[in-house]
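For reference, the structure is listed below as structure tokens.
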Protein chains: 2
Amino acid sequence: MNNEQSHLETVKIYKALGEPNRLSIVKLLTKHKELCCTEIEEHLDFKGSTLSHHLKQLADCGVLKLSRKEGTFHYYQLNQDTLKRYVAVETVLD
Amino acid sequence: MNNEQSHLETVKIYKALGEPNRLSIVKLLTKHKELCCTEIEEHLDFKGSTLSHHLKQLADCGVLKLSRKEGTFHYYQLNQDTLKRYVAVETVLD
DNA sequence: TTAATATATCGATATATATAGAAATATAAA
DNA sequence: TTTATATTTCTATATATATCGATATATTAA
């Protein structure tokens, strides 16, 4: 539990959340069951390639997961298990 | 609550926690009521000026506070209120 | 098949950040 | 006072990261 690996996993998660645009993505997803890239871009103003990088980082550390692919649309949703394990969701995300 | 300022405050806190050495400082302080710089340096191996920067960053966002000065020794402790508001302390810090 | 659209990856770059040595500050002891 | 010690601040630098345009991939429609 408190080994080096979990330490770095924890760091990775907080690093992912410690950037304004990524935290906005997470907050946006608390208001929607799932969203695809195009929908996220409608709410938050940055370029597609930038969004893709942020989504990858959030997915790599387990904060988000790809929930569904419908045609070319990739839908993402929050990974509530991860969030509850690391974040005080009741004060930060509610 | 969910305004731009609190968004950036939240980012600041997770950014502070999202670095291996700083997270180590926080974890170390969960095991001690308070510690001064010299004591922290005995546990974690980095230079005094580096430690000072990390402590400043952690204190600026409210994760740590300067609890006491005794001579030239500056004692720091965790700010439990901040931690509880942002971190799932029972899984991350216990 | 070709064309159109959505997303991801690549490569470059500008900005941010962690680190460290040196200097500054502060306190206490000699 | 001078000296020693603890911590902070200053300055430089190397590394990490966010962003973006271009390209690549994947899927669907025509």
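Residue numbers begin at 1 in each chain, while the letters A, B, ... track the order of the sequences. Since we're looking at a predicted model, the values are computed, not measured. The analysis underlying the following values was restricted to heavy atoms, covering all of them including side chains, and did not include hydrogens, waters or symmetry mates.
- B:Lys47 places its NZ atom 18 Å from the P atom of D:dT13, with the value rounded to the nearest Å.
- Comparing C:dA6, D:dT17, C:dA8 against the side chain of A:Lys15 picks out D:dT17 as the nearest.
- Here the OG1-CD1 distance, from B:Thr30 to B:Ile25, works out to 12.5 Å after rounding to the nearest 0.5 Å.
- Look at A:His53 and you won't find any side-chain N or O under 4.0 angstrom from OP1 or OP2 of C:dA8.
- For the pair B:Arg22 CZ and C:dT17 P, the interatomic distance rounds to 9 Å; values are reported in whole Å.
- Atom CZ in B:Arg68 sits about 15 Å away from atom P in C:dT27, given to the nearest Å.
- Where A:Lys69 and A:Gly18 each meet DNA chain D at their nearest nucleotide, the meeting point lying more 5' is that of A:Gly18.
- Nucleic acid contact class of B:His54 (heavy atoms, under 4.0 Å, all strands): sugar-phosphate only.
- Taking only side-chain atoms of B:Glu19, from C-beta outward, the nucleotide of D:dT7, C:dT7, C:dA18 with the closest atom is C:dA18.
- For A:Tyr76 and C:dT7, the OH to P distance is 9 Å, given to the nearest whole Å.
- Between A:Leu35 atom CG and C:dT7 atom C1' there is a gap of 15 Å when expressed in whole angstrom units.
- A donor and an acceptor atom sit less than 3.5 Å apart, one in the side chain of B:Ser49 and one in the base of C:dA20.
- Using a distance-only test at 3.5 Å, with no hydrogens or angles considered, no donor-acceptor pair links the side chain of B:Glu70 to the main chain of B:Phe73.
- Using a 4.0 Å heavy-atom cutoff across all strands shown, A:Lys56 reaches sugar-phosphate atoms only and no base atom.
- A salt bridge links B:Asp60 with B:Lys56: the distance from a Lys NZ or Arg NE/NH1/NH2 to an Asp or Glu carboxylate oxygen falls below 4.0 Å.
- B:Gln57 comes within 4.0 angstrom of the backbone, heavy atoms only, and of no base.
- Counting only distance, with no hydrogens or angles, the side chain of A:Asn79 and the backbone of A:Gly62 share a donor-acceptor pair below 3.5 Å.
- Between B:Leu66 atom CG and C:dA26 atom C1' the separation is 13 Å, expressed in whole Å.
- Residue contacts shown for B:Ser52 include a base, since a base heavy atom lies under 4.0 Å away.
- Using a 4.0 Å heavy-atom distance criterion, A:Gly71 is classed as a sugar-phosphate-only contact.
- For B:Asn21 and C:dT19, the CG to C1' distance is 10 Å, given to the nearest whole Å.
- As a whole-Å value, the separation of B:Leu51 CG from C:dA20 C1' is 13 Å.
- Look at B:Thr50 and you'll find a side-chain N or O under 4.0 angstrom from OP1 or OP2 of C:dA20.
- For the atom pair CG (B:Leu55) and CG (B:Leu66), the distance works out to 9.5 Å, reported to the nearest 0.5 Å.
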